[in-house]
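Below is one structure; the comments refer to it alone.
Predicted model, so just to flag it, every value in this text is computed and none were measured.
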Amino acid sequence: MTSWDPLFCFPIFLFSLIFSTVDCEIDMSASRQRTLSGGGQIVLDYLKRMQAENPSFHYAVQGDNGHSAGNIFWADATSRMNYSYFGDAVTFDTTCRTNRYRVPLTAFTGLNHHGQPVLFGCALLFNESESSFIWLFQSWLNAMSGHAPVSITTDPDRFIQVAVSQVLPETRHRFSKWGIFRETQEKLAHIYQSHPTFEPEFQKCINETETIDEFESCWESLLERYYLMDNEWLQSMYNARQQWVPVYMRDTFFGEIHANKGNEGMSSFFDGYVNAATTIQMLIKQYEKAVASWHEKELKADYDTSNTTPVLKTPSPTEKQAANLYTRKIFIKFQVELVETLANPATKIDDSGTVTTYRVAKFGDDHKAHSVRFNAFEMKASCSCQMFEFSGIICRHILAVFRAKNVLTLPSQYILKRWTRNAKSGAVLDEQASELPSNSRESLTVRYNSLRQEAIKYVEEGAKSIHVYNVAMDALQEAVRKVAAAKNKGPGAAQGGTLANGGNQEMCAREENRTAPYQSVDEKEKKIRDLAAELESTNQRCEVYRANLLAVLKDMEDQKLKLSVKVQNARLSLKE
């Protein structure tokens, strides 16, 4: 970890990001206030209703008396629970803000055990200032029980940097390469136009250098070749290299599983759901669609991992062990590293007794060798590439040493739970759950996980034959009706309370509605519309499950037909 302090050596280019867009920000701010007139209250009413239904739903408002123009932050129960599993590496997504969308949506996101985007909380920043970002990061950290992440990736923004340094002082802060490249293209537009080879060489220097010395040499050569030694922008970027150049960041966990492609374009959680045309009135519906869509994708990935067997490419016990431990996507990544050991032999270069040092290089590529230090007594190894420290997946170089030393299975310290099938097992959010009633704690842990596991088993059993499938589908539709009925008249909606973080807003007075002897016509019509919307959403999910079941059934029938043909051919061969 470098001793370089970004607060005292703040690079020039970050200030230019702010001052070069001041006029645009002022115009955009005014535009937002016009566009969002009354819209903030729609969001606030939604958040109050959600917290009344589930006390573990967390939201906070910056400003007095809950004005709709105040900044709003929220995190639902699933976001808070997911953070307990996958909150080690976080991205603060400001795509809507940096791209001048009509909705100033920001989001805290990460990656789940399938490498899919997962949400840790959202905010609407109507007022963008240093104090607003400090408030937002503090509100988010409070919602996550004060557990700071190992790392966080953000756009290179002065206000955000100050907020991270104050609220998350122990968290490694990285600037998005995508944000850096985007700004560089603007600042050096004349170079990009007059020298088409500059951009690929520049990106190669950043992404493909594997050591600090290699990067330093490549950077100096690049500047000399294009006569940019005195360019202030590039000099300021170089001064901030410890916060965005990959080779300086590899000693910290960022949870990325694709080399050199991290944070390009920031998070994709709301891609396809929120864009430049989305209004504040449309936001909640699009937010719920995105959440539901990624939940469905996670369920499908869970099902694929549990019910399909990966093809093994080696006779190695390590590969078989990994296939049983990791999710499908992570296993494929591991498998690539394992297969590469065949072309990356390990050569012993030093033996001090306790620690043995190996040189690992690919055949024909000796100039890019890596050094692996192996302690046989503790079964620990460290590689100069630092892939395990950065991504949590063991590299081909350490695996090559294990192969040379006949280490046939992965030591436990090299199996990161967050990448395994059982990533979501164990206690979740114990500290924050303690502030809730016992039944709420149970809903966060036991209920969610139990229902989820039962649903997966239900799908597995329901797909075994057409008869069982029909019975399962009828039972599922009946269950949907019962759950909807229980939700409408059950006690869950009566659980009100104050904001989860002790905010300054009041909750909706649901008790008054329940004690009123009569409901107005408008209230009844609204309830009918709400129920109709819920039913439509449920029907859509049923269709997704039905499609999945039919796909599985079709695959089983195809396999059955192929097997029948093979048996018939075998019988004919025997007769002959």
Margin query: With a 3.5 Å distance limit and no angle check, can you tell me whether Asp155 reaches the backbone of Asp157 through a side-chain donor-acceptor pair?
Written below: no

Next item on the list: Give the intermediate values and the outcome of side chain to side chain donor-acceptor pair (under 3.5 Å) for residues Ser79 and Asn82.
Entry: CA-CA 5 Å; Ser79 293; Asn82 279 334; 5.9 Å; no

Checklist line | Pairing of Glu199 and Lys204 as salt bridge, 4.0 angstrom limit | finding: no

Margin query: Show the nearest heavy-atom pair for residues Val103 and Thr279, with the distance to one decimal.
Written below: CG2-C, 3.5 Å

Check: Is there a donor-acceptor pair closer than 3.5 Å between any side-chain N or O of Thr278 and the backbone N or O of Leu283?
Finding: no

Margin query: Within the supplied structure, the quantity of interest is the number of heavy atoms (other residues, nucleotides, ligands) at a distance under 6.0 Å from Lys297 NZ; does it exceed 12?
Written below: yes

Note to self: Under a 3.5 Å distance rule, please check whether Gln51 uses its side chain to pair with a backbone N or O of His58 as donor and acceptor.
What the structure shows: no

Item checked: Check: Trp294 ring centroid to Phe270 ring centroid under 6.0 Å -> no

Notebook entry, point to check: Between Phe159 and Phe133, how do the two ring planes meet: parallel, tilted or perpendicular, split at 30° and 60°?
Noted result: tilted

Next item on the list: Please work out which of the three classes, parallel, tilted or perpendicular, describes the rings of Tyr59 and Phe57, given edges at 30° and 60°.
Entry: tilted

Check: Counting N and O atoms only, with roles assigned by atom type, does the side chain of Tyr101 sit under 3.5 Å from a partner on the main chain of Asn275, one being a donor and the other an acceptor?
Finding: no

Next item on the list: Answer yes if the ring centres of Trp419 and Tyr326 are under 6.0 angstrom apart, and no otherwise.
Entry: no

Margin query: Is the distance from the ring center of Tyr192 to that of Phe202 below 6.0 Å?
Written below: no

Check: Can any side-chain N or O of Ser151 pair as donor or acceptor with the backbone N or O of Phe253 at less than 3.5 Å?
Finding: yes

Checklist line | Within-4.5 Å side-chain heavy-atom neighbours: Gln235 and Asn239 | finding: yes

Item checked: Counterpart residues, salt bridge (Lys or Arg N to Asp or Glu O under 4.0 Å), relative to Glu170 (two or more places apart) -> none

Check: Do Asn54 and Ser56 have a side chain donor and acceptor closer than 3.5 Å?
Finding: yes

Next item on the list: State, with a plain yes or no, whether a side-chain heavy atom of Val274 is found less than 4.5 Å away from one of Met282.
Entry: no

Notebook entry, point to check: Going by heavy atoms in the side chains, are Thr184 and Trp233 under 4.5 Å from each other?
Noted result: yes

Check: Does the pair Ser293 and Tyr273 meet the rule for a side chain to side chain donor-acceptor pair (under 3.5 Å), with working shown?
Finding: CA-CA 10 Å; Ser293 174; Tyr273 299 94; 2.8 Å; yes

Note to self: Just so I know, are the side chains of Gln116 and Glu298 near enough to count as touching, which here means a heavy-atom distance under 4.5 Å?
What the structure shows: yes

Notebook entry, point to check: Ring centres of Phe86 and Phe120 under 6.0 Å apart?
Noted result: no

Next item on the list: List the steps, then state whether side chain to side chain donor-acceptor pair (under 3.5 Å) holds for Asp93 with Thr91.
Entry: CA-CA 6 Å; Asp93 179 14; Thr91 294; over 6 Å; no

Item checked: Flag for Thr154-His173: side-chain donor and acceptor within less than 3.5 Å -> yes

Note to self: In the structure I gave you, are the side-chain heavy atoms of Val118 and Leu111 within less than 4.5 Å of one another anywhere?
What the structure shows: no

Note to self: Does any part of the side chain of Cys122, heavy atoms only, come nearer than 4.5 Å to the side chain of Thr106, both counted from C-beta?
What the structure shows: no

Margin query: On a heavy-atom basis, which atom in Ala423 and which in Arg418 lie closest, and how many Å separate them?
Written below: CB-O, 3.8 Å

Notebook entry, point to check: Looking only at heavy atoms, which two atoms of Thr252 and Val150 are closest? And how far apart?
Noted result: CG2-CG1, 4.0 Å

Next item on the list: Indicate yes or no: at least one non-hydrogen side-chain atom of His147 is less than 4.5 angstrom from one of Tyr83.
Entry: yes

Checklist line | Closest non-hydrogen atom pair, Ala123 against Leu136 | finding: CB-CD1, 3.4 Å

Next item on the list: Step by step, work out the salt bridge (charged side-chain N to carboxylate O under 4.0 Å, His left out) result for Asp304 and Lys300.
Entry: CA-CA 6 Å; Asp304 290 342; Lys300 185 180 185 304; 3.0 Å; yes

Checklist line | Test item: Trp74 and Leu124 side chains (from C-beta on) under 4.5 Å apart, heavy atoms | finding: yes

Check: For Trp244, is the NZ or CZ atom of Arg241 found under 6.0 angstrom from the centre of its six-membered ring and inside 45 degrees of the ring axis?
Finding: no

Note to self: Using modelled atom types and a 3.5 Å cut-off, is there a donor and acceptor pairing between side-chain atoms of Arg174 and backbone atoms of Ile152?
What the structure shows: no

Next item on the list: Hey, can you tell me if Phe254 and Phe390 have their rings parallel, tilted or perpendicular (30° and 60° cut-offs)?
Entry: tilted

Check: Which heavy-atom pair separates Tyr248 from Gln242 by the least distance, and what is that distance?
Finding: CB-CA, 3.9 Å

Check: Between Thr153 and Ser176, is there a donor-acceptor pair closer than 3.5 Å when you use the side chain of the first and the backbone of the second?
Finding: no

Check: Can any side-chain N or O of Ser132 pair as donor or acceptor with the backbone N or O of Glu128 at less than 3.5 Å?
Finding: no

Checklist line | Side-chain donor/acceptor of Thr305 to backbone N/O of Arg328, under 3.5 Å | finding: yes

Notebook entry, point to check: Quick one: side-chain contact (heavy atoms from CB on, under 4.5 Å) partners of Val483, sequence neighbours excluded?
Noted result: none

Check: Would you call Arg49-Asp45 a salt bridge at under 4.0 Å N-O?
Finding: no

Note to self: With a 3.5 Å distance limit and no angle check, can you tell me whether Trp140 reaches the backbone of Gly121 through a side-chain donor-acceptor pair?
What the structure shows: no

Next item on the list: Check the pair Lys424, Asn112 against side chain to side chain donor-acceptor pair (under 3.5 Å), reporting the backbone distance first and the verdict last.
Entry: CA-CA 10 Å; Lys424 289 192 171 185; Asn112 67 10; over 6 Å; no

Next item on the list: State, to 0.1 Å, how close Ile180 and Met237 come at their nearest heavy-atom pair, and which atoms those are.
Entry: CG2-CE, 3.2 Å

